[in-house]
Participant: 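First, the structure itself, so that you have it in front of you.
Numbers for residues simply follow the sequence, beginning at 1.
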Amino acid sequence: MSDPTRRTRGEELLLARISAAAGREGLGRRRATYAAAARTARTAHAGIRGLLALVRHGGAAGPANGRDAARLDLYENGMTVAVKGRIHVVRYDTTSVFTTSVFRTEAARPGDAGRAGAACALTDVDGERVVLRPRGGPGPGGAPEWWSEVERGVVRAQLPRALAALAGGERLAFGAVWLTGAEIGWGEVRARWSRVRRLRTGPGPGVIALDIDGTWHEPAVAGSAIPNVSVLRALVERLGPGGDER
C-alpha cells in the first residue's frame with residue numbers, strides 16, 4: 001500500500017521547477033503553498049481594458065474549471081503560480097495588482113466590502129498577467145487565506161520605496177489617482193493631506209472613495225482600473241492627518 005503523503009514523480013519534478021524559478025528571481029524562503037484557480041494572458045496583447053475584462057471573467061462565481069487548477073507557492077519576496085504546465089513568477093516589489101472587488105479579510109477597514117467570487121490579477125516578471133480566484137468558489141470567510149498574505153507582501157515591498165519617492169519630491173500615479181508629499185487628487189479633485197481622512201474600498205465591485213473633510217469622493221474611473229489599491233491605502237494612512245509621515 002502506497003504512502004498517501006509521499007510525492008509522486010510528477011509532483012517532485014514540479015516542485016523542482018518551482019524552486020528553480022523562485023531561486024532565479026530571488027524570492028527567498030518558501031512560506032506556504034495553496035490551491036487556487038488561474039488564467040493567464042500576455043499584457044502585450046491587450047491594454048488595461050483587456051486586463052480588466054480578463055479579471056472580470058476570471059472572477060465569476062461558481063466552481064472553477066479543472067483546467068484552471070493552479071498551485072500557489074508563497075515566498076518572502078514573491079510567489080509562483082503553476083498552471084497548465086507553466087511556472088509564473090511574481091515579485092512583490094514590481095507587480096501590479098488589480099481587483100474586481102474587495103476580498104473580505106480580517107484586516108479590512110470599516111466601510112470596506114467583500115464579495116463572493118472576487119478575483120485579482122497580478123503581473124509576473126515576464127510581463128504576463130495572471131488572474132487568480134479561490135479554487136472551488138469562496139470560503140466561509142469570503143477571502144482565500146493566500147490573498148491576505150499576498151496583499152501584505154506587496155505592501156511590505158512597495159510602501160517604503162513609494163514613501164521615499166514622495167519624500168524626494170516625486171509624483172506617484174495609481175491609475176487615475178495621483179499623489180505627492182503634499183496632496184492627492186484625480187481629475188478636478190485635489191486635496192492637501194491635512195484634509196484627507198481615509199480611503200474606502202467598496203461597497204460596490206471595484207469602487208474606491210476618499211474621505212476629504214468628512215465627504216466621500218469617488219474617482220470617475222472604477223477602482224478595478226487602479227493598480228495596487230492596498231499600497232495606495234497604506235500611503236493614505238501614512239500621509240493623512242493621523243499618519244506617521246506627517
Side-chain angles (χ1 to χ4, degrees), residues 47-49 51-56 58-61 95-122 131-133 138 141-144 147-148 150-152 154-156 158-159 162-163 165-166 170-246:
I48 184 63
R49 293 180 185 274
L51 172 61
L52 298 180
L54 186 61
V55 174
R56 295 188 185 102
T95 190
S96 294
V97 182
F98 299 84
T99 58
T100 55
S101 64
V102 181
F103 285 122
R104 183 180 293 110
T105 67
E106 293 180 357
R109 308 299 192 277
D112 286 358
R115 186 185 65 145
C120 67
L122 304 90
V131 179
L132 302 175
R133 62 188 175 104
W147 173 244
S148 298
V150 171
E151 188 174 44
R152 285 194 296 266
V154 171
V155 172
R156 183 175 63 248
Q158 298 192 18
L159 181 60
L163 289 171
L166 292 174
E170 295 185 38
R171 174 180 168 130
L172 301 182
F174 292 78
V177 180
W178 58 264
L179 58 158
T180 67
E183 56 186 1
I184 183 172
W186 59 82
E188 298 181 356
V189 176
R190 63 191 305 163
R192 298 193 65 81
W193 286 112
S194 59
R195 300 175 54 203
V196 176
R197 299 187 181 180
R198 64 182 173 126
L199 179 75
R200 180 180 68 189
T201 47
V207 175
I208 73 165
L210 195 67
D211 183 347
I212 301 175
D213 291 334
T215 300
W216 290 103
H217 299 263
E218 296 181 7
V221 64
S224 56
I226 299 175
N228 298 335
V229 171
S230 59
V231 179
L232 175 59
R233 181 167 54 196
L235 287 169
V236 170
E237 293 175 349
R238 289 291 191 94
L239 297 168
D244 298 336
E245 303 298 319
R246 304 310 302 161

Participant: Tell me, with the steps shown, if E151 and R156 meet salt bridge (Lys or Arg N to Asp or Glu O under 4.0 Å).
Facilitator: CA-CA 9 Å; E151 188 174 44; R156 183 175 63 248; over 6 Å; no
Participant: Do you know which two heavy atoms are closest between N228 and T95, and how far apart they sit?
Facilitator: ND2-O, 3.3 Å
Participant: For the residue pair L239 and W193, what are the closest heavy atoms and their distance?
Facilitator: O-CB, 3.2 Å
Participant: Check whether any side-chain heavy atom of V150 lies under 4.5 Å from a side-chain heavy atom of L122, and answer yes or no.
Facilitator: yes
Participant: Which pairs, with at least one residue in residues 175-186 and sequence neighbours excluded, count as a side chain to side chain donor-acceptor pair (under 3.5 Å)?
Facilitator: E183-R190
Participant: Taking the side chain as every heavy atom from C-beta outward, state whether L159 and R238 have any atom pair closer than 4.5 Å.
Facilitator: yes
Participant: Listed by chain and number, what are the side chain to side chain contact (heavy atoms under 4.5 Å, CB included) partners of A191, not counting sequence neighbours?
Facilitator: R195, V196, I212
Participant: Output the distance between atom CZ (F98) and atom CD1 (I226), rounded to the nearest 0.5 Å.
Facilitator: 9.5 Å
Participant: State, yes or no, whether a side-chain contact exists between V177 and L172 at a heavy-atom distance under 4.5 Å.
Facilitator: no
Participant: Does the side chain of T99 reach to within under 4.5 Å of the side chain of W147, using non-hydrogen atoms?
Facilitator: yes
Participant: Using a 4.5 Å cut-off on heavy atoms from C-beta on, say whether the side chain of P219 contacts that of I208.
Facilitator: yes
Participant: Quick one: are L235 and L166 in side-chain contact, heavy atoms under 4.5 Å?
Facilitator: yes
Participant: Could I get the full list of side chain to side chain contact (heavy atoms under 4.5 Å, CB included) partners for A173, not counting sequence neighbours?
Facilitator: none
Participant: For W216 and L199, which heavy atoms make the closest approach, and how far apart are they?
Facilitator: CZ3-C, 4.5 Å
Participant: If you measure from CZ on R233 to CZ on R200, what distance do you get to the nearest 0.5 Å?
Facilitator: 12.5 Å
Participant: P227 and S96: which non-hydrogen atoms are nearest, and at how many Å?
Facilitator: CB-CB, 4.3 Å
Participant: Within the distance-only criterion (no hydrogens, no angle test), does the side chain of D211 pair as donor or acceptor with the backbone N or O of G214 below 3.5 angstrom?
Facilitator: yes
Participant: So does R197 pair up with E237, basic N to acidic O under 4.0 Å?
Facilitator: no
